[in-house]
**Q** 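Just passing along the structure, written as structure tokens.
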Amino acid sequence: MKKLLVAITLTALAACGGKQEKSAENAETPTVAEGAAANLTPEEQAGQEIFDGKGNCYTCHKPDAQAVGPSIKEIAKIYKEQKADMVAFLKGNGKPIVKPEQYEVMKTNFYLTKTFTDTELKSIQAYMYSVQ
């Protein structure tokens, strides 16, 4: 059982938390349509940079489609509706409210999100709320 859990965790880390090299052949599509970034506030833009950059969140979360994890729109909608604290969740202090059955996969990324400042986490939240 432990070997299975370790294998699942390592697979999740490789899929969601590991850095990927970008090449001309393997270029990632930005999470926001070109031109839309100009409409973001500075806080939202900082959040997008973290989301797409050092957070590497884009590997599992797409704007409006289920990927490894739920879409940004779905996450933002549920957090807004439930008036939940996304920052606390990203610190590893909140309960999973979006796709709780996928919590073990997301939990493997707390090693990274716990290193972010409150300002960085609030920027990620602002960016996610801006995706419509």
Side-chain angles (χ1 to χ4, degrees):
M1 181 68 171
K2 284 185 180 181
K3 288 182 181 181
L4 178 60
L5 185 56
V6 169
I8 291 169
T9 301
L10 291 174
T11 301
L13 281 171
C16 295
K19 294 287 180 188
Q20 294 181 356
E21 294 294 321
K22 293 182 182 181
S23 67
E25 296 172 7
N26 186 24
E28 291 292 331
T29 305
T31 58
V32 174
E34 224 168 276
N39 296 325
L40 297 177
T41 67
E43 181 182 36
E44 293 165 352
Q45 197 164 17
Q48 181 188 9
E49 289 171 10
I50 296 165
F51 189 94
D52 291 342
K54 76 178 188 176
N56 211 25
C57 312
Y58 71 91
T59 59
C60 294
H61 301 285
K62 306 305 177 199
D64 56 7
Q66 170 79 28
V68 174
S71 73
I72 298 169
K73 287 182 181 181
E74 181 179 10
I75 294 167
K77 178 180 182 266
I78 291 171
Y79 270 85
K80 283 179 185 178
E81 287 174 353
Q82 296 191 20
K83 296 181 174 113
D85 188 346
M86 190 182 301
V87 171
F89 178 74
L90 292 172
K91 288 180 171 183
N93 299 327
K95 294 188 182 216
I97 60 172
V98 182
K99 308 258 184 209
E101 67 276 9
Q102 293 182 316
Y103 179 66
E104 291 302 314
V105 174
M106 179 59 195
K107 191 167 78 170
T108 62
N109 293 293
F110 289 152
Y111 79 93
L112 179 61
T113 58
K114 285 180 177 182
T115 68
F116 295 171
T117 66
D118 283 351
T119 300
E120 289 174 317
L121 293 171
K122 287 176 185 175
S123 294
I124 291 170
Q125 175 180 268
Y127 163 66
M128 291 180 73
Y129 284 161
S130 76
V131 176
Q132 297 182 19

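Position 1 is the first residue of the sequence, and the numbers go up from there.
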**Q** Any chance NZ of K73 has more than 12 other-residue heavy atoms, nucleotides or ligands included, within less than 6.0 Å?
**A** yes

**Q** Do E74 and K77 sit within salt-bridge range, that is, some charged N less than 4.0 Å from a carboxylate O?
**A** no

**Q** Could you tell me the separation between the CG atom of N39 and the CD atom of Q45, rounded to the nearest 0.5 Å?
**A** 10.0 Å

**Q** Would you say K91 and D118 make side-chain contact, with heavy atoms under 4.5 Å?
**A** yes

**Q** Which pair of non-hydrogen atoms, one from G55 and one from L112, has the smallest distance, and what is that distance?
**A** O-CD2, 3.6 Å

**Q** Tell me the closest heavy-atom pair linking Q66 and V68, and the distance in Å.
**A** NE2-O, 3.8 Å

**Q** With rounding to the nearest 0.5 Å, note down the distance linking OG1 in T119 to CD1 in I124.
**A** 11.5 Å

**Q** Measuring from atom SG of C57 to atom CD1 of I72, what distance do you get when rounded to the nearest 0.5 angstrom?
**A** 8.5 Å

**Q** With a 6.0 Å cut-off on the ring centroids, do F110 and F116 count as close?
**A** no

**Q** Is there a side chain to side chain contact (heavy atoms under 4.5 Å, CB included) between M106 and L90 once you walk through the steps?
**A** CA-CA 9 Å; M106 179 59 195; L90 292 172; 3.7 Å; yes

**Q** When you measure from the side chain of Q125 to the backbone N and O of G47, does any donor-acceptor pair fall under 3.5 Å?
**A** no

**Q** What distance separates E49 CD from E120 CD, expressed to the nearest 0.5 Å?
**A** 11.0 Å

**Q** Can you find a heavy atom in the side chain of I50 that is under 4.5 Å from one in the side chain of Y127?
**A** no

**Q** Taking all non-hydrogen atoms of both residues into account, name the closest pair between A84 and I97 and its distance.
**A** CB-CD1, 3.4 Å

**Q** Taking side chain as C-beta onward, heavy atoms only, is M128 less than 4.5 Å from Y79?
**A** no

**Q** Check T113 against L121 and note the closest heavy-atom contact, atom names and distance.
**A** O-CD2, 3.9 Å

**Q** Can you measure from OG (S123) to CD (E43) and round to the nearest 0.5 angstrom?
**A** 4.5 Å

**Q** Does a side-chain heavy-atom distance below 4.5 Å link Y58 with N56?
**A** yes

**Q** For the residue pair H61 and F51, categorise the inter-ring angle as parallel (less than 30°), tilted (30 to 60°) or perpendicular (more than 60°).
**A** tilted

**Q** Tell me the closest heavy-atom pair linking A88 and D85, and the distance in Å.
**A** N-OD1, 3.1 Å

**Q** Can you name the nearest heavy-atom pair linking Q102 to G69, along with the distance?
**A** OE1-CA, 3.9 Å

